[in-house]
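Notes for the one structure printed next.
These values consider heavy atoms only, across backbone and side chains, with no hydrogens, waters or symmetry-generated copies.
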Amino acid sequence: NMQQSADDAGIKDVMGEKTADSSRVVFVNKTGADIASVYVRAHVSNDEDEEEDSWGSDLINGMFTLADKGKALYYFQKNTGNNNGGTVSSYDIRITYTDEDRNECFFRNIPLQSVTQISLCMDGTGEDSIPYAVYTTGNNTKQYSTLNDVKKRLGLTDDSSENDSSEYDGSVDNDSSSQITPTPSSDN
């Protein structure tokens, strides 16, 4: 199901299968290291059982390496069903690196169905770095960051001071206190 051909977006690395009704998202690697594998699944809350096989297959599957600052196009089926009979509204992403000494990273609760581009980023360096995503939705030019939500989930911020995912101002500093716009609804 892997395609590795030039696409109309000019991106040669492709994950998933392009069909008449598939949606597409551009993945941008801004983690500082080359990515060897990408897994995407329906969002699993912290309360749910996390089994290794729930991640499914590696989308890259050895076909290419997503180099640092590189892009890959991901085709997926929109409006897929979940176990509760509803439609999946958010997804989790797991990556592993070509450098096997680096820890795998997780990006959680991403409204992938409304996202046009997602950058996988790291806040900080080394073992203490925090993975987060910055994404653009629909025809919107605003970018949203999950950094505040991740820090809150890890207990690194005051729960009352920040909303969940917030508007991203494009800066690359570690002070995200000015980012307060909540994530747009996945129901769009």
Side-chain angles (χ1 to χ4, degrees), residues 1-3 7-9 11 13-31 35-61 63 66 71-96 104-121 130-154 162-168 179 181-188:
N1 293 348
M2 189 70 59
Q3 297 178 19
D7 184 79
D8 55 315
I11 299 171
D13 295 328
V14 179
M15 303 178 292
E17 184 176 351
K18 182 177 182 179
T19 64
D21 59 347
S22 62
S23 293
R24 59 185 240 170
V25 175
V26 175
F27 276 67
V28 181
N29 178 5
K30 292 187 176 182
T31 64
I35 295 174
S37 59
V38 175
Y39 301 85
V40 177
R41 70 171 180 197
H43 174 63
V44 175
S45 72
N46 292 340
D47 302 334
E48 295 180 52
D49 211 15
E50 281 203 43
E51 298 177 20
E52 184 68 27
D53 63 351
S54 71
W55 284 100
S57 300
D58 172 15
L59 297 173
I60 293 176
N61 199 27
M63 298 296 288
L66 184 51
K71 295 181 180 183
L73 192 56
Y74 172 48
Y75 289 105
F76 68 100
Q77 294 304 308
K78 202 171 190 174
N79 300 322
T80 56
N82 61 20
N83 294 338
N84 301 330
T87 301
V88 176
S89 60
S90 64
Y91 293 82
D92 296 333
I93 300 166
R94 177 180 130 204
I95 63 168
T96 64
E104 62 187 358
C105 295
F106 299 88
F107 305 85
R108 302 196 186 274
N109 203 19
I110 307 293
L112 210 53
Q113 296 199 84
S114 63
V115 171
T116 56
Q117 179 170 305
I118 182 167
S119 295
L120 306 177
C121 307
I130 300 170
Y132 69 99
V134 174
Y135 57 88
T136 307
T137 60
N139 294 330
N140 196 342
T141 58
K142 290 182 183 175
Q143 292 186 321
Y144 298 89
S145 172
T146 64
L147 183 57
N148 289 335
D149 184 45
V150 172
K151 284 182 174 182
K152 187 186 330 178
R153 187 171 52 242
L154 295 174
E162 302 290 343
N163 290 329
D164 284 348
S165 302
S166 57
E167 186 174 340
Y168 179 65
Q179 302 171 2
T181 304
T183 301
S185 171
S186 303
D187 300 332
N188 300 11

#### Entry: Nearest heavy atoms of Tyr91 and Val40, plus distance in Å
CD2-CG1, 3.9 Å

#### Entry: Point-to-point distance, once rounded to the nearest 0.5 Å, from OH of Tyr135 to SG of Cys121
12.5 Å

### Query
Closest approach of Ala72 and Ile11, non-hydrogen atoms and distance?
CA-CG2, 3.7 Å

#### Entry: Distance in Å, Ile93 CD1 paired with Ile110 CD1, rounded so as to fall on 0.5 Å steps
5.5 Å

### Message
Using every non-hydrogen atom in the two residues, find where Val44 and Asp92 come nearest and quote the distance to one decimal.
### Response
N-OD2, 2.9 Å

### Message
Could you check whether any side-chain heavy atom of Lys18 comes within less than 4.5 Å of a side-chain heavy atom of Tyr75, counting everything from C-beta outward?
### Response
yes

### Query
If only atom types and distance count, is the side chain of Asp58 paired as donor or acceptor with the main-chain N or O of Ser37 below 3.5 Å?
no

#### Entry: Pi-cation contact, Phe106 with Arg94 (under 6.0 Å, within 45°)
no

### side-chain contact (heavy atoms from CB on, under 4.5 Å) against Thr116, all qualifying residues, sequence neighbours excluded
Thr136

### Sole residue of Arg153, Lys152, Lys151 in salt bridge (Lys or Arg N to Asp or Glu O under 4.0 Å) with Asp149
Arg153

### Message
Going by ring pair (Phe, Tyr, Trp, His ring centres under 6.0 Å), name the residues that satisfy it together with Tyr74, two or more places apart in sequence or in a different chain.
### Response
Phe27, Phe76

### Task
Locate the shortest heavy-atom distance separating Lys71 from Val28; write the atom from each residue and the value.
CG-CG2, 3.9 Å

### Query
What distance separates Ile60 CD1 from Thr96 OG1, expressed to the nearest 0.5 Å?
7.5 Å

### Task
Supply the atom-to-atom distance Leu120 CG to Thr146 OG1, rounded to the nearest 0.5 angstrom.
9.5 Å

### Query
Can you name the nearest heavy-atom pair linking Asn109 to His43, along with the distance?
N-ND1, 3.4 Å

#### Entry: Value rounded to 0.5 Å, distance of OH in Tyr39 from CD in Glu104
8.5 Å

## Note on the structure
Smallest heavy-atom separation, Ala133 atom then Ile118 atom, equals CB-CD1, 3.8 Å

### Query
Would a distance-only check, ignoring hydrogens and angles, find a side-chain to backbone donor-acceptor pair under 3.5 Å from Gln113 to Val88?
yes

### Query
For Ser119, what residues pass the side chain to side chain donor-acceptor pair (under 3.5 Å) criterion, not counting sequence neighbours?
none

### Message
Nearest 0.5 Å, please: how far is CE in Met15 from CE in Met63?
### Response
12.5 Å

